[in-house]
Colleague: 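Take this structure first; my questions come after.
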Amino acid sequence: TALTDALTGLRNRRGFEIDSSRYFRSGSVTPLFLLILDIDHFKLINDQYGHAAGDAVLTRVAGSVRNHEGAHGISARIGGEEFALALPAVDREGAEKAANLLREAIAAGRTPHEQTELQCTISLGIAQRQDGDDLASLCARADQALYVSKRAGRDRISWAVPSEEAGLAPMMT
């Protein structure tokens, strides 16, 4: 459908925005963590092994993301090699555990391709919904934390700081 990514079967960006909107309705007090993740050095996979191999890696990563969404989570492919995972009704420890398990599962996995197996890692940024957040502001903070992970060497998780502390650098774990 128009809300599903054809390659991975996950929600696409539009589907993610529609499904996530329930967490931002007036009166919603559900705790919410947003993970934005990106496949490290994905362009190299496409360049070295071709787009069919890249598609296979995207499909495998999407399966891992879906497996970590939990009972009430929402997972999506929101751009090329970028994915989002909304985790409602978990605490900070639960969100960090989910992120670490996802990062480890993807790093341990292999994608068969011709006579080899491709391995990849991901970088993640995590943000917690704050009072006054809309989806765009939450995504922006998670995305900012993702880029801290990328600049710090990839294959890691960084936490976004609360919006009132936005001048401070995100924290890595």
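These numbers come from a predicted model, not from an experiment. Counting from 1, the numbers follow the sequence of the chain as shown.
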Colleague: Determine yes or no for a side-chain-to-main-chain donor-acceptor pair under 3.5 angstrom, with Thr8 supplying the side chain and Thr59 the backbone.
Modeller: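 Not at all, since once roles are kept as given, no pair shorter than 3.5 Å links the two residues.
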
Colleague: Take Glu82 and Ile36 through the side-chain contact (heavy atoms from CB on, under 4.5 Å) test and state the conclusion after the steps.
Modeller: CA-CA 7 Å; Glu82 193 169 55; Ile36 302 283; 3.6 Å; yes

Colleague: Are the side chains of Val61 and Arg77 in contact, using a 4.5 Å heavy-atom criterion?
Modeller: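 Contact flag for Arg77/Val61 side chains = no.
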
Colleague: Mind running side-chain contact (heavy atoms from CB on, under 4.5 Å) on Leu34 and Arg141 for me, showing each step along the way?
Modeller: CA-CA 9 Å; Leu34 178 66; Arg141 286 200 327 278; over 6 Å; no

Colleague: Checking the side chain of Asn100 only, and the main-chain atoms of Glu96 only, is there a donor and an acceptor separated by less than 3.5 Å?
Modeller: yes

Colleague: What are the two closest heavy atoms between Val65 and Ser75, and how far apart are they?
Modeller: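 Minimum heavy-atom separation between Val65 and Ser75: CG1-CB, 3.6 Å.
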
Colleague: Pairing donors with acceptors under 3.5 angstrom, does anything connect the side chains of Ser137 and Asp134?
Modeller: yes

Colleague: Determine the minimum heavy-atom distance between Ala127 and Ala142, stating which atoms define it.
Modeller: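 In this case the closest contact between Ala127 and Ala142 is CB-N, 3.7 Å.
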
Colleague: Return the CG to CG distance between Leu35 and Leu146, rounded to the nearest 0.5 Å.
Modeller: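 Separation between the atoms: 10.5 Å.
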
Colleague: Below 4.0 angstrom, N of the basic side chain to O of the carboxylate: do Asp5 and Arg11 qualify?
Modeller: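 Arg11 and Asp5: not salt-bridged.
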
Colleague: Run the salt-bridge test on Asp133 and Arg129 with the 4.0 Å N-O cut-off and return the result as yes or no.
Modeller: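 Not counted as a salt bridge, because no side-chain N and carboxylate O are separated by less than 4.0 Å.
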
Colleague: Mind checking the CG-CD1 spacing from Leu37 to Ile126? Nearest 0.5 Å is all I need.
Modeller: 10.0 Å

Colleague: Please indicate whether Glu117 has more than 12 foreign heavy atoms, meaning atoms of other residues, nucleotides or ligands, lying under 6.0 Å from its CD.
Modeller: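 Check passes, neighbour count above 12.
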
Colleague: Examine Arg92 relative to Trp159 and say whether NZ or CZ is less than 6.0 Å from the centre of the six-membered ring and inside a 45° cone about the ring axis.
Modeller: yes

Colleague: Which heavy atom of Leu138 sits nearest to which heavy atom of Phe24, and what is that distance?
Modeller: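 Where Leu138 meets Phe24 most closely, the heavy atoms are CD2-CZ, 3.8 Å.
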
Colleague: Does Arg13 use its side chain to pair, donor to acceptor, with the backbone of Phe16 at less than 3.5 Å?
Modeller: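 Between the backbone of Phe16 and the side chain of Arg13 there is no qualifying donor-acceptor contact (under 3.5 Å).
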
Colleague: Same cluster or not: are Leu58 and Leu44 linked, directly or through other Ile, Leu, Val, Met, Phe, Trp or Tyr residues, by side-chain heavy atoms under 4.5 angstrom apart?
Modeller: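 No, Leu58 and Leu44 fall in different hydrophobic clusters.
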
Colleague: Kindly give the heavy-atom pair with the smallest separation between Leu124 and Arg103, and that separation in Å.
Modeller: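 In this case the closest contact between Leu124 and Arg103 is CD1-CB, 3.9 Å.
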
Colleague: Can you find a heavy atom in the side chain of Lys43 that is under 4.5 Å from one in the side chain of Asn46?
Modeller: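 Result no, sub-4.5 Å side-chain heavy-atom pair not found.
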
Colleague: Under the 3.5 angstrom rule, does the side chain of Arg66 hit a backbone N or O of Ser64 as a donor-acceptor pair?
Modeller: no

Colleague: Between Ile78 and Phe83, is a side-chain contact (heavy atoms from CB on, under 4.5 Å) present by the stated rule, with each step listed?
Modeller: CA-CA 5 Å; Ile78 57 172; Phe83 297 83; 5.8 Å; no

Colleague: Considering non-hydrogen atoms only, spot the tightest contact between Ala98 and Leu87 and give its length.
Modeller: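 In terms of heavy atoms, the two residues are closest at CB-CD1, 3.8 Å.
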
Colleague: Could you check whether any side-chain heavy atom of Ile106 comes within less than 4.5 Å of a side-chain heavy atom of Gln119, counting everything from C-beta outward?
Modeller: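 Not touching, per the 4.5 Å side-chain cut-off.
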
Colleague: Roughly how far apart are Thr111 OG1 and Leu118 CG, rounded to 0.5 Å?
Modeller: 6.0 Å

Colleague: What distance separates Leu3 CG from Leu10 CG, expressed to the nearest 0.5 Å?
Modeller: 13.0 Å

Colleague: Would you check, one step at a time, whether the test side-chain contact (heavy atoms from CB on, under 4.5 Å) holds for Leu32 with Gln128?
Modeller: CA-CA 6 Å; Leu32 179 67; Gln128 181 177 5; over 6 Å; no

Colleague: Nearest 0.5 Å, what's the CD-OG1 distance between Gln48 and Thr116?
Modeller: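 With rounding to 0.5 Å, CD (Gln48) is 9.0 Å from OG1 (Thr116).
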
Colleague: Cys120 and side-chain contact (heavy atoms from CB on, under 4.5 Å): which single residue from Glu81, Arg110, Arg60 fits?
Modeller: Arg60

Colleague: Please say whether more than 12 non-hydrogen atoms of neighbouring residues, nucleotides or ligands are located less than 6.0 Å from CZ in Arg14.
Modeller: no

Colleague: Which atoms form the tightest heavy-atom contact between Ile122 and Ile39, and what is the distance?
Modeller: CG2-CA, 4.1 Å

Colleague: In Å, rounded to the nearest 0.5 Å, how long is the span from NE2 of His113 to CG of Asp55?
Modeller: 11.0 Å

Colleague: Counting C-beta onward and ignoring hydrogens, is there a side-chain heavy-atom pair between Glu17 and Ser21 closer than 4.5 Å?
Modeller: no

Colleague: Can you confirm whether Val57 sits close enough to Tyr49 that some side-chain heavy atom of one is under 4.5 Å from a side-chain heavy atom of the other?
Modeller: no

Colleague: Just by distance, no angles: are the side chains of Asp38 and Ser123 close enough, under 3.5 Å, to form a donor-acceptor pair?
Modeller: no

